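Bear in mind the structure is a predicted one, so any value in this text is a computation, not a measurement. The chains referred to below are lettered A, B, ... by the order of the sequence lines, with proteins before strands, and numbering in each begins at 1.
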2 protein chains.
Amino acid sequence: MERIERIAQLYPTIIRVMGRIRSVVHEGMDLSYNQYKMLLTIYDKGSCPLNQLARELQIAMSSASEMVERLVTQGFVLRTVDEENRRQVTISVTGRGEALIRELQQGIVENYRALLGRLADDEQEELVRALETLAEILGKL
Amino acid sequence: MERIERIAQLYPTIIRVMGRIRSVVHEGMDLSYNQYKMLLTIYDKGSCPLNQLARELQIAMSSASEMVERLVTQGFVLRTVDEENRRQVTISVTGRGEALIRELQQGIVENYRALLGRLADDEQEELVRALETLAEILGKL
DNA sequence: GTCTAATATTTAGGAGACCGAATTGTTCGG
DNA sequence: CCGAACAATTCGGTCTCCTAAATATTAGAC
């Protein structure tokens, strides 16, 4: 089979498998994966206006606004009107949010450890290399 | 950084990038990716009772039923009551559905070609190898 | 043979993640 | 000061997914 066809064939399988693994890893956590990703993005930047957050996560502003709303409701994040430019809202992580991030980060790594522990040492090593290659090459697209 | 931590770090990035690429590839198609996947699954088995379809796609039967409903509405798929066991419904692809599959399969491969064409030859080769490694190793989990 | 338990599906109700369009509030340039 | 541009939100809609309840059908116990 031709290379491109082979990729087209492998691609959906891998997305499905990776998605399933991710949902196993995030199973029972207090935040959906998407909410966690958003929380982390805000945290990494210290604080962040909504429009930037939407751009970063590559979603529509209306979607970002909704998700922020869910995080606000749960008390993990705070909305503050920017006094320099009162049109703009700055989102920042609360203490509770930070605590959750620490907890989840740990839990997630542990779940990966439990899952990947089933693999032989050299398989783990191969996995890392494959993921790194993928990140590098796909990043160019 | 420890290996597992490195994987935990790479994993979400890759899922995100792969998801974005997939949505580019499926952009403007007449079927969402999930509906396409379902249609293909039915097609590959010739026809398929709903419960098997749900098991195959790893979704709840109610979800499968809904998705089938959408495909029926669009005329790509047919529901038939199994006369051997009238509780069971068999799903099969219509002529229109088959035509769509052919059209999409071609379009998808072409979109992958256009996208991956930006990569150098040896990068494409590396990509195939990485995807194959991934499929093999993650399949064990 | 009838009646209950199991099986297959659908329907109902609900949530999250997404979108585009319309709306509200704010600021800035003319 | 007023309209254009900008930032965010609200609104209405779709899709995917779930659990629980309702509906049919069948098989097995008695």
Side-chain angles (χ1 to χ4, degrees), chain A residues 12 15-16 19-20 22-24 26-42 47-74 76-92, chain B residues 12 15-16 19-20 22-24 26-42 47-74 76-92:
Chain A
I15 289 197
R16 201 183 61 235
R20 221 183 50 224
R22 186 182 66 189
S23 71
V24 168
H26 282 261
E27 173 110 28
M29 304 254 159
D30 288 345
L31 224 47
S32 81
Y33 172 72
N34 285 312
Q35 285 176 22
Y36 171 63
K37 190 172 69 176
M38 174 173 266
L39 189 59
L40 255 194
T41 306
I42 300 162
S47 72
C48 176
L50 189 71
N51 58 1
Q52 196 186 330
L53 191 54
R55 213 176 320 123
E56 202 93 10
L57 298 174
Q58 305 195 64
I59 56 178
M61 245 185 22
S62 57
S63 308
S65 182
E66 271 173 19
M67 284 180 72
V68 165
E69 181 56 31
R70 279 191 280 274
L71 289 176
V72 167
T73 305
Q74 295 170 93
F76 299 131
V77 123
L78 220 63
R79 258 193 271 245
T80 334
V81 173
D82 181 350
E83 285 305 327
E84 304 279 287
N85 178 354
R86 295 184 45 75
R87 284 170 292 189
Q88 197 161 288
V89 169
T90 302
I91 322 293
S92 52
Chain B
I15 289 198
R16 202 183 61 235
R20 221 183 51 225
R22 187 181 65 188
S23 71
V24 168
H26 284 261
E27 172 111 28
M29 303 253 160
D30 289 344
L31 227 46
S32 81
Y33 172 71
N34 285 313
Q35 284 175 17
Y36 171 63
K37 191 172 66 177
M38 174 173 268
L39 189 60
L40 255 194
T41 305
I42 300 162
S47 71
C48 175
L50 190 71
N51 59 0
Q52 197 185 330
L53 192 54
R55 212 176 320 123
E56 202 94 9
L57 299 173
Q58 305 195 63
I59 57 179
M61 244 183 23
S62 59
S63 309
S65 182
E66 273 174 15
M67 285 179 72
V68 165
E69 181 54 33
R70 280 190 281 273
L71 289 176
V72 168
T73 306
Q74 294 170 93
F76 298 131
V77 124
L78 219 64
R79 259 193 270 245
T80 334
V81 172
D82 181 350
E83 285 305 326
E84 304 280 287
N85 178 354
R86 295 186 44 75
R87 284 170 293 189
Q88 198 160 289
V89 168
T90 302
I91 323 292
S92 52

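Between D:dA8, D:dT26, C:dT9, one nucleotide has an atom nearer to the side chain of B:Val89 than all others, and that is C:dT9. Nearest nucleotide to the side chain of B:Asn51, out of C:dA17, C:dT26, C:dT9: C:dT9. Listed nucleotides: C:dT10, D:dA27, D:dT9. Nearest to the side chain of B:Arg79: C:dT10. With distances taken from any side-chain atom of A:Arg70 to the nucleotides D:dC18, C:dT10, C:dA17, the minimum falls on C:dA17. Among C:dT10, D:dT9, D:dT10, the nucleotide with an atom closest to any side-chain atom of B:Leu50 is C:dT10. The listed nucleotides are D:dC18, D:dC11, D:dT16; the one nearest the side chain of A:Glu66 is D:dC11. Residue B:Arg87 places its side chain closer to D:dA24 than to any other of D:dA24, D:dT16, D:dT9.
In this structure, the CG atom of A:Asp82 is 13 Å from the P atom of D:dT9, given to the nearest Å. We find that CD of B:Glu69 is positioned 15 Å from C1' of D:dT14, with the value rounded to whole Å. Summarising the geometry, the separation between CG on B:Leu53 and P on C:dT10 is reported as 11 Å, rounded to the nearest angstrom. Atom P of nucleotide D:dT16 and atom NZ of B:Lys37 are separated by 9 Å, given to the nearest angstrom. Atom CE of B:Met38 is separated from atom C1' of D:dT16 by 11 Å (rounded to the nearest Å). Counting to the nearest Å, the P atom of C:dG25 and the CD atom of A:Glu84 are 22 Å from each other. Rounded to whole Å, the distance from CD1 on B:Ile59 to C1' on D:dC15 is 12 Å. If you measure from atom CZ of A:Arg86 to atom P of C:dC28, you get 13 Å, rounded to the nearest angstrom.
With the nearest nucleotide of DNA chain C identified for both B:Gln52 and A:Met67, B:Gln52 has the one nearer the 5' end. Projected onto DNA chain D by closest heavy-atom contact, B:Glu83 and B:Ser63 fall at different nucleotides, the more 5' of which corresponds to B:Ser63. Taking the nucleotide of DNA chain C with the nearest heavy atom to each of B:Asn85 and A:Gln35, the more 5' of the two is matched to B:Asn85.
None of B:Leu71, B:Val77, B:Leu31 except one satisfies the side chain to side chain contact (heavy atoms under 4.5 Å, CB included) rule with B:Met38; the exception is B:Leu71.
Summarising the geometry of B:Glu69 relative to B:Thr73, their closest heavy-atom pair is O-OG1, 2.8 Å, with the distance given to 0.1 Å. Summarising the geometry of A:Arg86 relative to A:Glu83, their closest heavy-atom pair is NH1-OE2, 3.2 Å, with the distance given to 0.1 Å.
The residue A:Ala60 sits close only to the backbone: its heavy atoms come under 4.0 Å of sugar-phosphate atoms, none of a base.
Using a 4.5 Å heavy-atom cutoff, the side chains of B:Arg22 and B:Tyr33 are in contact. Within the 4.5 Å cutoff, side-chain heavy atoms of A:Ile91 are placed close to those of A:Arg79.
In this structure a side-chain-to-backbone donor-acceptor pair under 3.5 Å is missing from A:Ser65 to A:Met61.
Side-chain nitrogen and oxygen atoms of A:Ser62 include none within less than 4.0 Å of the OP1 or OP2 phosphate oxygen of D:dC11. When the side-chain nitrogen and oxygen atoms of A:Ser65 are compared with OP1 and OP2 of D:dT9, one or more of them lie within a distance under 4.0 Å.
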